[in-house]
Structure formats: C-alpha cells, structure tokens
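Below you'll find the structure, written out as structure tokens, and then a few comments.
Throughout, protein chains are lettered first and strands after them, A, B, ... in sequence-line order, and every chain is numbered starting at 1. Quantities reported herein were computed from a predicted structural model and do not represent experimental measurements.
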Amino acid sequence: MTETTRYKADPLATVRSMMRQYGGIFLALVVLCVFFSLSNPRFMSVANMMNILQQVAVIAIAAFGMTWVILLGEIDLSVGSIIAVAGMVGAQVIGLGWGFAPALALTLLSGALMGALNGVLTAKLLLPSFIVTVATMSIYRGMVSLPTNGAPAMIMDPTWTAIGANSLLGVPIIIWIVIALFLANHILLSKTTFGRRTYLTGGNREAALYSGIKVDRMKIVIFMISGLMASISGILLSSRLYSAQTNAGMSYELDAIAAAVLGGTSLAGGTGTMVGTLIGALIIGALNNGMNMLSVPYFYQLIVKGLVILVAVWLDVRSKRRKA
Amino acid sequence: MTETTRYKADPLATVRSMMRQYGGIFLALVVLCVFFSLSNPRFMSVANMMNILQQVAVIAIAAFGMTWVILLGEIDLSVGSIIAVAGMVGAQVIGLGWGFAPALALTLLSGALMGALNGVLTAKLLLPSFIVTVATMSIYRGMVSLPTNGAPAMIMDPTWTAIGANSLLGVPIIIWIVIALFLANHILLSKTTFGRRTYLTGGNREAALYSGIKVDRMKIVIFMISGLMASISGILLSSRLYSAQTNAGMSYELDAIAAAVLGGTSLAGGTGTMVGTLIGALIIGALNNGMNMLSVPYFYQLIVKGLVILVAVWLDVRSKRRKA
Amino acid sequence: MAETPNDVVLSLRDVSKTFGPITAIRRMDLDVRRGRVHTLLGENGAGKSTLMKILAGVQPATGGTITLDGRPFAPANPQQAAERGLSIVFQELSLANTLTVAENILATREPARFGFISDRRLIERAEALVRELGLPVDVRARVGDLSIAQRQLVEIAKGLSHDAKIVILDEPTSSLSDAEAEILFGIIGRLTQAGKAVIYISHRMEEILRLSDDITVMRDGEYVATLEKDRTGIDELIALMVGREMTEIYPPRLGPAPGAGVAPVLEVSGLSREAEFHDISFAVKPGEILGFFGLVGSGRSEVMKALFGMTRAEGEVRLDGAPLTLSGPAEAIARGLGFVTENRKEEGLVLGQSLRHNITMASLGRVSSRGFLRRRLEGRQAREESARLGVRAASIEAAAGTLSGGNQQKVVLAKWLMTRPRVLILDEPTRGVDVGAKFEIYRIIRDLAAEGTAIVMVSSELPEVLGLSDRVAVMSEGRLQTIADRTDLTPERVMSFATGQTK
Amino acid sequence: EGIGASLLTQQHPFYIELADAMRAEAQAQGVPLEVSIANQDLSKQLADVEDFIVKGVDVIVISPVDSQGVLPAIMKAKNAGIDVLTVDVPAAEVDVTSYIGTDNYTGGLRAGELMAEVLGEAGKVAIIDYPTVQSVVARVEGFKKALEDYPEMEIVAQQTGITRAEALAVAQNMLQANPDITGIFGFGDDAALAAAVAVKSAGLADQVKVIGFDGMEEARNAVDTDPVMVGVIQQFPGEMGKQAIDTAIAVMNGEEVEAEQPIVPGVYTGQ
Ligand SMILES: Nc1ncnc2c1ncn2[C@@H]1O[C@H](COP(=O)(O)OP(=O)(O)OP(=O)(O)O)[C@@H](O)[C@H]1O
Ligand SMILES: Nc1ncnc2c1ncn2[C@@H]1O[C@H](COP(=O)(O)OP(=O)(O)OP(=O)(O)O)[C@@H](O)[C@H]1O
Ligand SMILES: [Mg+2]
Ligand SMILES: [Mg+2]
C-alpha cells in the first residue's frame, strides 16, 4: 500500500492516493482544525499557525528520527534524554567561549554518538532496543546534570538564540528547519536505496540479510539518525528557552512515537512514511494549542489528548482495513 | 528451556536448573548484594532487607501484572497511571465515609476496569497495545486529578494505612502481600491451564486460535490482571504515603517492564516466568537502596542504574545464547 | 459404486468462500467416505487449504451446506469441529516454539483438575500417543529446538491426538524425508482400517497414487472431477489439474554437459562447521547442474548457508579461482553467487511488500544511480523478470503475501535471477509447489544452465535430483558420501549413500 | 552520626542553592551531611528517609515533595527517635521540630500588589501555575487575593506550565487567545522567563509585563536587563539552607529551637 503511491507521476492521482493513504489521519487533523476554528476564530490566524509549527517543531524532528527506528521494527526511548544532553553540550561548549560553529558541530556529534551507542548495543550485543534505550534514557538523563549539578545552563550566544527567536522572509527560522529536515528525511526514505533497504529490513530482517543487506550497520546508522534528529530538537529547544534545562525533553519520546504511529507507522516495522509522521505531529501540536486557546484545564487536556490519539489511530486502522 | 524445569521433581535438580535458567540474572543480583554489603555492613541487616522488599513492593506487584501482558507479546504503559487512579479512588471512597471494605473493593474494581478497557481496545478494535496504553496512560493520569483538582488526597482510614505501616509476625504486611501475590501469579502462570494458554498464545497466536483458544477474551482478561495488580500497587503506595498523590506511580511502567525483562521475559512474547520478574524487581530495589546507602548522588544513580540494566540483560542474553 | 449412502460421512454441496472481492472457492462439492483416503488435488492457490480451514472451523464458509453424519455442520471454531469428530494437521506449522512437544500436542487439552495441570500425566499421555504413532520425537524437547521435519511430525501428532472420525492432512509430507513419510503412511493405513476417513492433500504424485482411494481435482476454487485411483493415472490427473496435457515432467537438457576441459567456477574444499558438517569439497562448472541429495537434517542447507557467508565456517571457497572470504551475503552476491533459500516465507520474501520490492531487493545497485532509485527502470526490470518466470499476479505492485505458494517461489527465483548470478544455489526449489509450477521451475533451471550459470540444487526429492542433475552429491550426517555422474547412479545406490549404508 | 537531608528535586536552581548552602554550612561546622534527591517522587522520598533511618542519622531535614504525603516518612523517623526539620515546604497534620521556609502566601500577595502597581491598577492578567504543588498554590492564592482589591484588574487566563518548555507554549497560546493581556504572573522563575520570551516573540513587549517568583540569578538578571520582566519575588535559599543546618546542629546539641522560622521573601525590581 504504502509504496505504490510514490511512483505515480500524475499530480491529481498523487493527491487522490495521498487522501487514500492518509485518509483516516488526515481527516482527524481536518476535523480538529475545523472544530478549534469554530471555537476560537484566532486559531486559524497565520500567527497562530506559525505558533503551532514552532511548538511542534521539537517533537516533529524527533519523530522524523523515530520513524526510521520504528520502520526497522525497533524503538528509541532515549530520545527525550538526548534532547536534554544536546542542549547541555551546546551550552557548555558555548560557555567555554568556542563560539557557535564548534558548539553546533559538537552538539550534533554528541547526538550521533549517543544514537550510535544505542545502535551498537542493539545490533552487536543483540539486546532488545526497548531495554537498551530504557537504560540509555536513564544514563543520558543522568549525564545531563553532571556539568551543572542539575542546574539549568544559560546560553548567551546570539547566533544560537537567534535560531529560536528570529525569522527569515517573515517565517521563523525554526519552521524553515522543520521543513528542510522533513524534506531531507522524506527524500532519503522514499527515493534512495538506503530508504528502500530500511523498509525491506523492517519488513523481514532475515530476508534482508540473505539479500546482502548489512542489517547491523543499517541499524547503527538508523539509531544515529534518530540521535542526530533528537540533538537538533535539543538545539531548537535550548535556543527557544535561551538555556539548557536538565529536565528538557522529558517523556518527549512518547510524543514522538505517538506522532509516528498516528501517522500510520507500524510498530511491527516495514510500514510508514515521513508525511504521515508530520501529520501525526501536527495533530498533537494543533491539539495542545487548540486546547490552550480554549482554556481547557490541564487535567482535561490529558484526557482529551489520550482520546484523540485513540480515535485517530482507530480511524486509521479502520480505513486501512477497509482497503485491504 | 523455560518449560523443561517444570517437570523435575528432584529438589536438587530443581535448584540446579533454576541456576541454569536464571543464571545470568541471579548472578547479577548476588554480585550487587555482595558489593553493597562490602561497602556498607548495614546493607545486609534484616531491617534493611525488609526496607528493600517494602520499597520494591509497588514495582514488583505491577511487574507481576506486566509479565502476563508481555508474555502475550503486548505491553501496558498505563500501569503508572492506574497506580495513581487506584489510590485516588480509595481515598475518595474512604472520604465518603463508606469504610475500608467498600473502598478496597471499588479500588480493585477500578483497576480491573481500566485494564479491561485497555484489553478491549487492543483485542476488539485491533489497535496496537503500545499506542492504546500510551493514550490511556494520558487519560487515566488526567482522571486522577479530577476529584481534587490536582491536590493530593489524605487517607485517614486506620485499616488502609495499617497495610503500609503495620507488621504481622514481625514482618511488614506489605511483604506478606508481595509474597502472596508472587505465589498466586506464579502458580496461575506455571501450574494452570490458563497460564499454559498464555504461553501458547504469546508463543504463536495462530496456533492458539487453531487450538480453540479465545485469544480476544484471553487478552482482555490479562490486561485486567495487569490493571488489578497495578491497583494493588496503588493501594500499597497510598497506604505507605497516607495519601493519594496525583503524580503517584509516574513512569513506574518503565521500572515494571525493566523488572520483567531483566528477569528474562521476552518482549516478543511466549517466554518468561514470575520468578525471573521477582529477581528483576529485587535487582532494581537492591540497586536503589544500595546506592542510597553509599550516598551516591542522584545523577550518578541514574547512570549506574542504566548501566546495571544493560549489563544484567547482556549477561542474561549471553548465558541463554551459550545454552542454545 | 457399490457402497451404501451411509458410507458417506462428510458431504459438501455448493460450498463457496470469498475474501472481500477475491473468490477462493466457488460451488465446491465433495463426498468423503469412511475407511478411505480421499485426496484433494489442485494447483497452488486452487483453494484446498481454504476448504480445509472451513471444515476445521478456522474460517466460516460464505455459502453452501456441509453435512457430517447426516447432520448440518458449520463449526464456529476449531473446538466445535473437534467435538464433532474432525481433526486437522495444518499446512503451515501452528506450533508455539517456546513450549515443549508435549505441551504443544495436548494444548488446551492438558490433563488438569480444577484448572491445575498435572505435568506428569501430560508427559505420560503425550509419550503414549507418540509411541503409539511410532514417531521419533522427545516429548520433553522444546519445539523451537527441533528441526523442521521433527516439527512437522509434532504437528501430525497434535492433529492425530484427537479421537477423530475424519482426519485432514494438509501437505503433511512437504518437509519429511522418505523414512519419516513412511511412518506417516503406516499411520494413515491404520486409521482407514479403523474405519476413519482421511482427507489428504499433497503435490507429490507418487505418494498420491500410492495412498489414495478417491481423488478430487480442484481448479481455481472449483470442483473439476472425482476419480477413483484405480481408474485413473498420473497423466489424466495432471491434465485435469492444470487444464492441459503434460507429457514430460523433467525437461531435457538443452545442450551437452560441460566437458572435462572447462574450468570450474565454484570450488569448495575442506569446508567444516562444528557439529554440522565436515570436510565438504566439491566444484561446479559453468552450465552444470550439481544435485545435492540427502535425508532431512543431513546438513546440506548448513553447507550452503556457510558458503554464502551467513554462518561462520572453516575451509576454502574459490570463485573463478579467487578466494571468497565468507564475510557475508553482501560479498557473496557481489562476487556472483545467488541463493534461493529453503524457507521462502522466512528467508526469501518480504510478504507485506510488493513484488517489485521483492524482485529488486538483492540488486538495488542495478536500479539506482548514486544511491537514488530509478523507479521507471526498476519497474521495467521487475516486470521483465516477473514475465520471464511467468509469475501470475495482478501487477508487480501486488504484495508478495497475496500470491499462491508456487508463484511466491517464482518471485524468489526472479529476485535471484535479477542479480545475474554465475553460480545459483537452490535449496529445495520446489517445496510445496504444484506440478505445473514445478515444471516451469525445472525449465527455468535448464535455461539458466544453458546460458552458462552453474547450478547447485539441494533437494530431498530423489526423482527431482536424478531427473535434473548432471552430477549428484550425496550427504549423510554432515559428510559428503559421494559425488558421481548422474549416469552412474541409480535411485537405490543414492539411497544407500544417503542412509550411510555405503561409504 | 550527622544529618540526612531529603530534598524535593535537584533540577531547580533554588534547590541547588539550598543544597549548596547546607553543604557549606555543614562543612563549616564540621558535621557530616548526606543529601538525597527525591526527584519529586514521594515514595522515593519515603525510601530515602527509610534508608537514612537504617544508616542511623541524628537529624533528618526534609523538603517535602508534598505537605500531606510526607506524613509517613516523618512518622517513621520520629518513631525511630530521630528529629525532623522541614525546609521550604511545611508538613501538614504532623508536628516537626522546626519548619524553616518562605512565606509563600505573603510572597504571592506582594506579587499581586507589584502587578497592580506596574499596570496602573487596571488590566488583564494571566497566570501560569502548577496546581499539584502546595507552595505554588499558596503563591497563586496570595496573588489573586491581592488583585481582589483592584476592581479594574481581571484574571483572564490561568494555565499549567510546569517546565520551561511547557510554560513557553502555554504563554504563547494564552497570548494568542487573549491578545489584550497586559500582565503575566509566573509561579516560578522558569514560568516567568518563558512568558517573557513568548511576549517578545509575539511582538507585545510594549504591552505586557511579567512578574516571577523565586528570584534566582537568571531571573534577577532578566529583571535588570529586560523591560518586560518588571520584577520578581525573591526567596533566600542560601539563608534557608544555612539556618536549617544551624537548627539541626542546635537540635543535636539538645537545645530548644523555634517551631516555625518563616523567611519573608523580598521584592526585586532591579538595581
Ligand atoms: N485470508 C485470505 N485473504 C485473501 N485471500 C486469501 C486468503 N486465504 C487464502 N486466500 C486466497 O485463496 C486462494 C486459495 O488459497 P489456498 O491456500 O486455499 O490454496 P491451496 O490450494 O491450499 O494452495 P497450495 O497448494 O499452494 O497450498 C488463493 O488465491 C489465496 O491467495
Ligand atoms: N537429530 C536432530 N535433532 C535436532 N535437530 C536436528 C537434527 N538433525 C538435524 N537437525 C537440525 O537440522 C539442521 C541441519 O539440517 P539442514 O537443514 O542443514 O539439513 P538438510 O539436509 O538441508 O535438510 P533439510 O531438508 O531439513 O533442509 C540444523 O539446524 C539442525 O539443528
Ligand atoms: Mg494449501
Ligand atoms: Mg535444508
């Protein structure tokens, strides 16, 4: 199902097959937006749309990385902790006075390394990724606090903070970054042999091995992608907050997983797309934003969020089953 | 491997095969205990052993329920929220002045119902249990706060609080409860047709269906067991704290899963035992307690805990692979 | 027909079954009589297993009536079917690998009091059953630790553990060697003597003609004919089944076998892997077909996996004279080796993905440039390969899992043909494949050899090995017993090597 | 042998300063001190206290995760004959040897009064809260109480934003829904600093004033440099920590101590 659409050239057919493919979840997003717009006319303003995109950026980027991992049939629970470590690495390197570029490079490197560790432990020691990343979630979360003994670290670098605060051509830089990363991940997944190998490996690991795919290396690279995406999320978050918080990103892994699964990525591996994940992340973002606009109390927000996830996934499963 | 041991009658052979079966993880527990005893002589005192057991009770009982769910190849992330709801239900019913017995009954009922909802959504709507329980985790957590608007609720009932505070024959009641629930779960799993069907269904769902097992009903019952165990954990926690906290049990599901997996339960379903889960829970408990005794700072505790989980699971995987 | 009507124990009229838009069975009639073996014959995807699943209560029929002992029969689940005296051995293994043999055989019927299982009695009962059937399996062993053949025996034991009036056996011998199959045939004889009815499904014509009393042929989900064994022959059955005449099962060699002067392309010397195989040496020339015969468990698959680099092994493997480091399938494929694995569902196909994905998965480099897929090129090449093998599917975008067994096997072949291998290893290439498809696969193997590909074909079917190979290697207990020209071998001689009687 | 301290969290500058002050004072006085972090989990706090009891400390200093839920931990310590002091958050339903903490309600009142003052006694105000923490509830109550005296002042939104990231999103969304907001009260420094970022990114820096609570260095710097941050209620964790250790030592020496030692917060509006 998933794959067929990619080869249509006719744009109308593409739109139709998009609707077929993401029908359930797309509908859920539209219904949500219509409902919130009726409740509060400001919801649909351009300013608020940008708000939503900015707020959802951190989750969406982490969810892009998570999509790769889930496509392989694995899971990465350490994403929230990596987000926090990344911010702290950036803050510390800036604190050393090395400037923006080295801070950026080292932060991304730290994310890739943490992801690589997850990948190596999963691929080489053959431990289940759930347990590996539960463990590294704890380890990385402990590590965040080491440099400052638990305190947040201020980030004074003007370039770093500009990422979260400034705009380019009237659109916040954060949104440009989300768009760029979406396109990069989407193309890598749907247009390249690497993406194809990911689908094949997630679909049947054994068959992939026999077909000459280096599954171990693949796994390590994909956990690195997840770590890298999480570290970019960490950069955006810390730049929005002008500081690295030791509890940053706590439980964001669950939101990232929810976004991917809402978007039709199967936890069994082998099925899913970046477009779906983006829609999933937007649903979560629109929901949080809309309920704040309606002044829904916090506890009710939790309940409604859970219900919307259930309904959206159910719609999606149902529409897929009907097609099959 | 797992099953063969059940047929030995000779006690010495049983001990030997226990060692074979739980070798890796048992070793990890012994090493931990020896290390902590050498570092602090008080660690091995009877009083401290009781401390550990009491502290680990809440996780252990939730992990017993989680073991059932994982054996079926499913997962229950709502356990932590159910723990909180259970305490709140108890507090509210006691607050109505209905007394201990109705409060106890309604609390257990609430746990079973929340579990049943997870089960029905998973079995009947065919949604993945990961996403169902991520959603109900949020829903149940929202519900806890409704009666008190987020504030904790005091529990004044003397019987309720006695559970957490009193002893019987010199052993705290909590420990008796853990022992009783361990035995009940262990016997149900290893000696009855229900337990055997759980292994069969987790091992091969098709085979179970072909053998006439009502897999759907099975799933619902097992999520109910998990909910029930979580609600008992909630009772113990609230009785130890004399109050129902709205953030009680937060992220305990991860500890419960870690305990089960440490104990050799496979996330793929079909393999695992209650004995293993108990050992897994004890490792977590001994670790937390031992590091407190050594005054290890909190962040280092997180790091060490993650490392110990990794090493223990690796030992276990390795010892199983060598046997195969 | 002299029998009285009450001889008929099970009777189907007008039974049909649809899966959404797909019609798997349309208007099927069948009469099964006690004390007789009734064989169902049909191509892959003809609807045999589906019909049996209806009888076993796994799936409901969508139309028609079934009567059992004169009373209507519409089981809602397998237990109801069992209660009415019907038991089934499924085509696909339905065992839990983590449980023991005893636990699997008696699943849901464990001896228990108040829900508490008596493990002692469970073992006793399972042992008694296995002994009575004469099956060589340890009931305490974990199913996951058994070989495929042994698992199939466990599956049979499980099916026969019910005291049933009607026993359904859906391709029970597809993973069995002749010796084990003989045990099964003995059991079937005892069942019919005791007045039970047996419904039997198989693609092996020899055993069908030997065992059956009645044979019903199905085609495209429809009833074609019911014949008595004594009044028909293999040619008529095949013609009914595939809808055309087939005179020769093994296509003739298209050219002469490579002469003595041709250098071998693959040379294996002293290949060993602890506890699996020892000191295996052989060589194949371009255009040659080397058959590998042996009993199930003799270690042939392990040898092939090792030289493909899937498992570590000692010894030397040379391709075109240059050594292969056995570092993994990627190297093997790059050097021109192809491996059609034995278990297509687990090792061969990504069932949830399209034929196109499956066909190009081992040669992605050929349909991409600089890491980017060229989807037109990919589609064209996948279509070509699929057409070349005559894969019957709606399109190359259909999911592999929706094809019948024989067509799935052809997709696996297509995947490896697309890599343009110089040496192609085929492990049981026709397991579970119907006669028509078998012939096509044989033809493809012949074509490949004629084009100069060296073929190594592992098979447990002696006629297949002898019908196709230029030379035959025989393995027993992990050792190579002989390699000889086809012309120097008789079936008896091969069997005596395979059973270790001749060294 | 010495003092055991069980602190609510280590992920907040307030508690870091508190812990540092306690350690410094203990070292200066030559008394052994062990610190455990409950990480906002009451049962971890109970376990920490149980472990202190097994270790045999003389005095336990607790900053409760929850005023009511801390009862069993305190009871256990008292039953073991160990004196208990509470810092920052009081314990309900049980007497402790002494409580040393900020008067949060008064602090909330001052925040309200400051808000009225900077807005000219009229305007629409939003609150970022954390309703499961009693000390925060007291601050918010005080803040609302103070505003009751000003009929022109109205509270138009109140939302929960616990972490800085949550507070930022909540503030943005409140401003989006109520663009006429002129003041925001954040229950802590994190909430206030996040609100100030939201105000600036919404382009409302001339219109909205933000007041925080805690008064750690980052927030005081912001008050100095950022016109949006008009003031912060300042707690004195250093003083609190020192006083807690001094009290504990006094208790160990058998001296009498005051049952309540309130520390009145200051109002910081810049240099
Ligand atoms: N669950 C299903 N959904 C859709 N189609 C199905 C399903 N099960 C079977 N079919 C289709 O029904 C047809 C009959 O399949 P069946 O398995 O009965 O064939 P068979 O005669 O047993 O073949 P083989 O000899 O390969 O075992 C096939 O075309 C198959 O694709
Ligand atoms: N007696 C036995 N008991 C258990 N397992 C066995 C036994 N004999 C062989 N096996 C299993 O069978 C495998 C080796 O057989 P292999 O598959 O290589 O043989 P083969 O000749 O290719 O037979 P097959 O037709 O089954 O493929 C190993 O995985 C081994 O575990
Ligand atoms: Mg079939
Ligand atoms: Mg084989």
#### Entry: Heavy-atom donor-acceptor pair, C:Glu347 side chain to A:Tyr210 backbone, under 3.5 Å
no
Which bit of [X] is near chain A, if near means a heavy-atom gap under 4.5 Å: side chain, backbone, both or neither?
X: C:Lys415; result: side chain
X: C:Thr402; result: neither
X: C:Ile333; result: side chain

### Query
Which members of residues 201-209 of chain A, sorted by number, sit under 4.5 angstrom from chain C on a heavy-atom basis?
A:Gly203, A:Asn204, A:Glu206, A:Ala207, A:Ala208, A:Leu209
### Query
Where along residues 110-119 of chain A does a heavy atom come under 4.5 Å of chain C, listed by residue number?
none
Hey, does [Y] have a side-chain heavy atom less than 4.5 Å from the side chain of [X]?
X: A:Ile187; Y: C:Phe372; answer: yes
X: C:Met361; Y: A:Arg196; answer: no
X: C:His357; Y: A:Leu200; answer: yes

### Task
Taking atom CZ of C:Arg366 as the centre, report whether more than 12 heavy atoms of other residues, nucleotides or ligands fall under 6.0 Å from it.
yes
### Task
For atom CZ of C:Arg420, decide whether the heavy atoms of other residues, nucleotides or ligands shown that lie under 6.0 angstrom number more than 12.
yes
### Message
Out of C:Ser368, C:Ala362, C:Ala334, C:Ala399, return the one with the most heavy atom pairs under 4.5 angstrom to chain A.
### Response
C:Ala362
### Message
Ignoring hydrogens, what is the shortest heavy-atom contact between A:Lys214 and C:Ala330? Give both atom names and the distance.
### Response
CE-CB, 3.7 Å
### Query
Going through the checks in order, is the side-chain contact (heavy atoms from CB on, under 4.5 Å) test met by A:Thr193 and C:Leu373?
CA-CA 6 Å; A:Thr193 53; C:Leu373 288 163; 3.8 Å; yes
### Query
Stepwise, does the side-chain contact (heavy atoms from CB on, under 4.5 Å) test hold for A:Arg197 with C:Leu364?
CA-CA 9 Å; A:Arg197 291 196 176 108; C:Leu364 283 174; 3.8 Å; yes
